[in-house]
Each structure stands twice: as C-alpha cells, then as structure tokens.
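The structure under discussion appears below in the form of structure tokens.
Heavy atoms only: backbone and side chains are in, while hydrogens, waters and symmetry mates are out. Bear in mind the structure is a predicted one, so any value in this text is a computation, not a measurement. So that the names make sense, note that chain A is the first sequence line, chain B the second, and so on, each numbered from 1.
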Amino acid sequence: MSKPGLPQGTRDFSAAVVHKRNYIFQTIRHVFECYGFQPLETPAMENLDTLMGKYGEEGDKLIFKILNNGLDNPDKHQQAKEDFEKVLAGKNTKGITERALRYDLTIPFARYVAMNYGQLTLPFKRYQVQPVWRADRPQKGRYREFYQCDADVVGSKSLLNEVELAGIYATVFEKLGIPVEIRINSRKILAALAELCGGADKMVDITVAIDKLDKIGLEKVKTELATKNLTYAQINTIEQYLSITGDNAAKITALKQLIGNNETGLKGIEEIEYVLNYPLTTHHSPLTTDFTLARGLNYYTGIIFEVKALNVQMGSIGGGGRYDDLTGLFGVPNVPGVGISFGVDRIYDVMEELKLFPDEVQAGTRVLFFNLGEAENKQAFGLMQQLRSKGIASELFHENTKFDKQFKYAEKKQIPYVVILGSEELANGTCLVKDLRKSEQQSITQAALADFVFL
RNA sequence: GAGAGCGUAGCUCAGUUGGUUAGAGCGUUAGUUUGUGGCACUAAAGGUCGGGGGUUCGAGACCCCUCGUUCUCCCCA
C-alpha cells in the first residue's frame, strides 16, 4: 500500500478555501446574470477533433487526452498495435484516443453555438464557470486543473457589448473590493503598427514581443524584435509606439500622430474612444488605455482587455477581447463575438494577500448543543431542529462526555454558541445559551430559544 | 520541451569533517478537571530519514539511478 497522493498540479480544497472560492464564484455569477448573461455548462470531455488545432502547436501538446477503452481486448490487439504505431509516427490518433479534457471554455462554447445556431436568440449571451485542464508543467499560480469564468456575447458586432463587458469587470472587482486597472487596447491598432512597419505578416511576432514589455523591459523587447528580422527603422517605430505615455486622452493624441492616418489604426482608435466614452460606474472610468497590451491569443481581432490588480505582484487576473469568426472553425461562418474571462485562482491569491475576504464568508456551524444524556438529547434535538428550520446551522455533540471535550470541539470548529440543556434545565424547562467569543451565558426558556438571535 | 532547488514524525524544520538507540516546536490522544472551553503542567502515540543501488569498518549525510515536489524559461489563466 503506497501513500496516497494527488495528480501533479491538482488540489484539494478544504472547507475554509471552498467557502472563499464560492464567495468569488457567486459574486461573478451574480454580476453576469445581472448583465443579462445566462449560464451554460458543457461536458468535461470533448471529442478530440473539436479541440485539436484550435490552440496552436503548443496548445495541442497541452491537451489532456483520454485513452480509448477496450484497447486490451485480445480480438483487437493487432489493430491497437497498428494504431499505436501511427501515434508514434505523429499521425492519426483515433484508434488510441478520440476524447480529451476541455482545455478552455471558449472552444466548447464555439462548438455549442455552431451546433445550436438555429435555435439561439441572437445576440446570445452566455456565461460559464467550470474547470479546465492543461498538461502544462505546474508552477507558481499555475495548475493542471483550474477554473475559468467566462462571459461571451456572440452574434453582435456592436461595441455596446464591449462596454457591457468592461462594466462587468468594473462591477465584479468593485464588489470584491480589489483595486484594479482595466487595460484596454485594440488589435486593430497593433495591426496598424505592423502595417506601418511594413510588415503586416510580422504582426504576430510584434505582438508577442511587445506583450512582454512589462516583464523583460524595452531593451530585451528590441532584442527579440531584432531576432525576428525587423529592421532598425521598424524597431525604432515600435519603440516610439511603446514610449507613448500619459492619461487616456494624451495617449490617444500621441497615437494619432504616430499612426493616425492608417485606416485600420483609425478604426481601432475609434473603438477605444467609443468604449471610453461610456460611464461604467458612478466614479471616473476605471479603464486605462494601454497600447502595449497584446494578449497571446491570435483569434482576437478588435478590442482586447486585461485586468491587473493594483498593489500586488501578480499577473493578470482577467482578460478577453473580440473575435470575428470563432465558429467558422465549426462550419458556421460570420458569427462575431466578444468575451472576457476571470482568473479565479489568482483573484483568490490577491484577496488573500490583501485580506479582502469578509468574515461572514467563513460561516460554519453557529450553535452546538451539548450532549448530556439520552432524555436531555431528545429535548435538545427538538430545539435544534427548530433552529435548523430557521436556517441556523446547528449540531448536537455526538457523545455524552465531559464538558471539556464538548467545549474544545466547539472552539476548534469555531462554533460561536453552545446550548447547554442538562438534567437541571430539563426539569425546569430552560436552557443555557453561551457565547463563546464573549464568554457570556444566559438562561432562557426553551420556548424562547427558537427566537434567540445568534449574532 | 529546457534548466535549477528540495524530499527527515500529521505540519514546520534541526541533525556538527560520515560515528552509539535520529531530535525540537506545533498538532494529535490521554490525564491533572464527571456542569463550564481557550492558559498551564504531565504523559503517550507517531520515522522502511521518498525508493533502489554504490562507496565505507560504519551513510539521514558522499556518489549514481529513479520517483515525488517546488521554482525559472517557453507558454499561459
């Protein structure tokens, strides 16, 4: 018998953690619904065909594949061996695996939309909160099983959707109490930059490089661009672009001077200005234009978002953007969409670090009834059921032991109240309610217990 | 896919140039205390030193392999 363990990159969540995570999930779900989004759940596994080729070469390698059943069937040994040879040759894997764990929520959503396109009311707004799996090597803040919280709108090109999604970000993080900067850019502006540098085909290289500006600094970005065969003049243009600073208005002015006469660029700037002009909250706009924001995923075509928590050392805690033709991959072309995602695990870490979880999140048992004998228990049990029917979480201690044990149990489980109903109380129809936090107790009638306020 | 660090009690960790029977704190259990918890004191349980091989009179320590885990790069949430 070996020691039990967990698969690499997975976690157990104990009660305290589950409560806190649920607080985050509930906040996000509530805001999603408040903005008119409806829930969708899809299976943990998808057909391998659905996933392969959607995440790039790297992404394909990180998909957890599920071994077909019945490979050990003696009648099929020959076939299985041949199929496995194909896998080793990097070819068709159908004979060995044809299902895989979902890698993200976006592609399953696209699959769902493609399958149900005729029945959907457009624009279709759905949200989805489910775990995804990646065969990545785990490291700080990165797991092989983690939750994503996505909200997407498909079937509408209106920039109003972008405004709504930015509003969701602003609302959720305000509710959670996390100070954030919601960064916004447009892929069209990046495309314009690439055009300006004479290499529309270089857009991917350029975006990948400048996305790292925060991390590696300007000099290393320039070095990386040089290795991608960009000329000195092109790199110089990009440097000018990256050095744009100031508030939103100042940045836009500077950007217009740099690439303002480029048609694609103008469209991008127009998009940004549109979104910035909506009052998302009662306060000033929490949106920050950031022209260095690129986002790795290549299917983005318009506005892109990224959320960064302030005052903490942490990567982005949310991101998203517009994509023009996601379901085209599944045979339904011309369905534009835009979506955002929340990184729950990182949000958790940020809230833990900034101590933002409210105390009431930890609500466990409120009242412990002491076990002081069979006759006493019967009376206590009835009273306990009354409390439970009022939604007050209660327990009756499991055995008749000395007070010491029962008190210590309450203390360890952080149960704030104990109710003592012994032979004496049984005889005169009372019970003793003790507040362990204040170390104060009072005797009340049993009839009054149901109306007692357990603060 | 590439690189680095760490594996000693349930947890956090000590363990001297390699030397007798591997320790501490916390936690757990029991007791001091059969109607009043937190504190204190006493005692107990708990280890194939991740696994395998090697060097040595002798290995928790040194060498090789392996497994696990953490971190960095790549990429990503």
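Of the C1' atoms belonging to C73(B) and G27(B), the separation is 39 Å, rounded to the nearest Å. Separation of the P atoms belonging to G38(B) and U21(B) is 41 Å when rounded to the nearest angstrom. A distance of about 6 Å separates the P atoms of U8(B) and G50(B), rounded to the whole Å. On the P atoms, G10(B) is 13 Å away from C49(B), given to the nearest whole Å. Rounded to a whole angstrom, the distance from the C1' atom of A44(B) to that of U48(B) is 23 Å. Using atom C1' as the reference point in both G46(B) and A9(B), the two lie 6 Å apart (nearest Å). Comparing the C1' positions of U28(B) and U34(B) gives an interatomic distance of 23 Å, to the nearest angstrom. As rounded to the nearest Å, G51(B) and G7(B) have C1' atoms that lie 11 Å from one another.
On a pure distance criterion of 3.5 Å, a polar donor-acceptor pair joins the side chain of E425(A) and the base of G35(B). One donor-acceptor pair, N or O on each side, does fall under 3.5 Å between the base of C75(B) and the side chain of R142(A). In terms of polar N and O atoms assigned as donor or acceptor, the side chain of K434(A) comes within less than 3.5 Å of the base of U36(B) in a complementary pairing.
Rounded to whole Å, the distance from CG on D345(A) to P on C76(B) is 18 Å. Straight-line distance from the CG atom of N428(A) to the C1' atom of G35(B): 14 Å, rounded to whole Å. The interatomic distance linking Y143(A) (OH) with U69(B) (C1') rounds to 14 Å, in whole Å. Following rounding to the nearest Å, N400(A) (CG) and G35(B) (C1') show an atom-to-atom distance of 11 Å. Between the CG atom of D404(A) and the C1' atom of G37(B) there is a distance of 7 Å, given to the nearest Å. The distance between atom CZ of R144(A) and atom P of C76(B), rounded to the nearest whole Å, is 18 Å. U36(B) atom P lies 17 Å from atom CG of L421(A), rounded to whole Å. Distance F370(A) CZ to U34(B) P: 15 Å, rounded to the nearest Å.
The side chain of Q8(A) contributes an N or O atom lying less than 4.0 Å from OP1 or OP2 of U69(B). One finds no side-chain N or O of Q139(A) lying less than 4.0 angstrom from the OP1 or OP2 phosphate oxygen of U70(B). An OP1 or OP2 oxygen of U28(B) is reached within less than 4.0 angstrom by a side-chain nitrogen or oxygen of K412(A).
The pair K222(A)-E219(A) meets the salt-bridge criterion, with a side-chain N (NZ, NE, NH1 or NH2) lying under 4.0 Å from an Asp/Glu carboxylate O. Between R144(A) and D136(A) there is no salt bridge, since no side-chain N of the basic residue sits under 4.0 Å from a carboxylate O of the acidic one. For the pair R126(A) and D152(A), the salt-bridge criterion is met [side-chain N within less than 4.0 Å of a carboxylate O].
No contact: E306(A) has no heavy atom under 4.0 Å from any strand. L62(A) comes within contact range of no nucleotide atom at all, as no heavy-atom separation falls under 4.0 Å. Among the protein residues, T401(A) comes within range of no part of the nucleic acid, since none of its heavy atoms lies under 4.0 Å from any strand. Using a 4.0 Å heavy-atom cutoff across all strands shown, S423(A) reaches at least one base atom of the nucleic acid. Contact annotation for Y147(A): no contact, since no heavy-atom pair falls under 4.0 Å across all strands. Nucleic acid contact for G141(A): base, since at least one base atom lies under 4.0 Å from a heavy atom of the residue.
For the 3.5 Å distance criterion, the side chains of N248(A) and T289(A) qualify, holding a donor opposite an acceptor. A donor-acceptor pair shorter than 3.5 Å can be found between the side chains of R388(A) and Q385(A). Residues E425(A) and T430(A) bring no donor and acceptor atom of their side chains to less than 3.5 Å of each other.
Nearest-nucleotide positions on RNA chain B for Q148(A) and K405(A) put K405(A) closer to the 5' end.
How far OG1 of T171(A) is from CD of E164(A): 9.5 Å, rounded to the nearest 0.5 Å. Taken to the nearest 0.5 Å, the CD1 atom of I304(A) stands 8.0 Å off from the CD1 atom of I272(A).
No aromatic stack links F403(A) and the base of G37(B), using centre distance under 5.5 Å and interplanar angle under 30°.
Here the nucleotide nearest the side chain of K408(A), chosen from G38(B), U72(B), A77(B), is G38(B). Which of G35(B), A77(B), U36(B) sits closest to the side chain of F407(A) comes down to U36(B). Residue R134(A) places its side chain closer to C76(B) than to any other of C75(B), C76(B), A30(B). When the nucleotides C71(B), U36(B), U33(B) are ranked by their closest atom to the side chain of K402(A), U33(B) comes out on top.
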| message | Determine whether F369(A) and Y417(A) satisfy the following criterion, ring-ring contact (aromatic ring centres under 6.0 Å, His included), listing intermediate values before the conclusion. | response | CA-CA 9 Å; F369(A) 286 78; Y417(A) 289 95; over 10 Å; no
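Distance alone, capped at 3.5 Å, places no donor-acceptor pair between the Q446(A) side chain and the L383(A) backbone.
In RNA chain B, the stems built from three or more successive Watson-Crick or G-U pairs (distances below 3.5 Å) are B:1-7 with B:67-73, B:10-13 with B:23-26, B:28-32 with B:40-44, B:50-54 with B:62-66.
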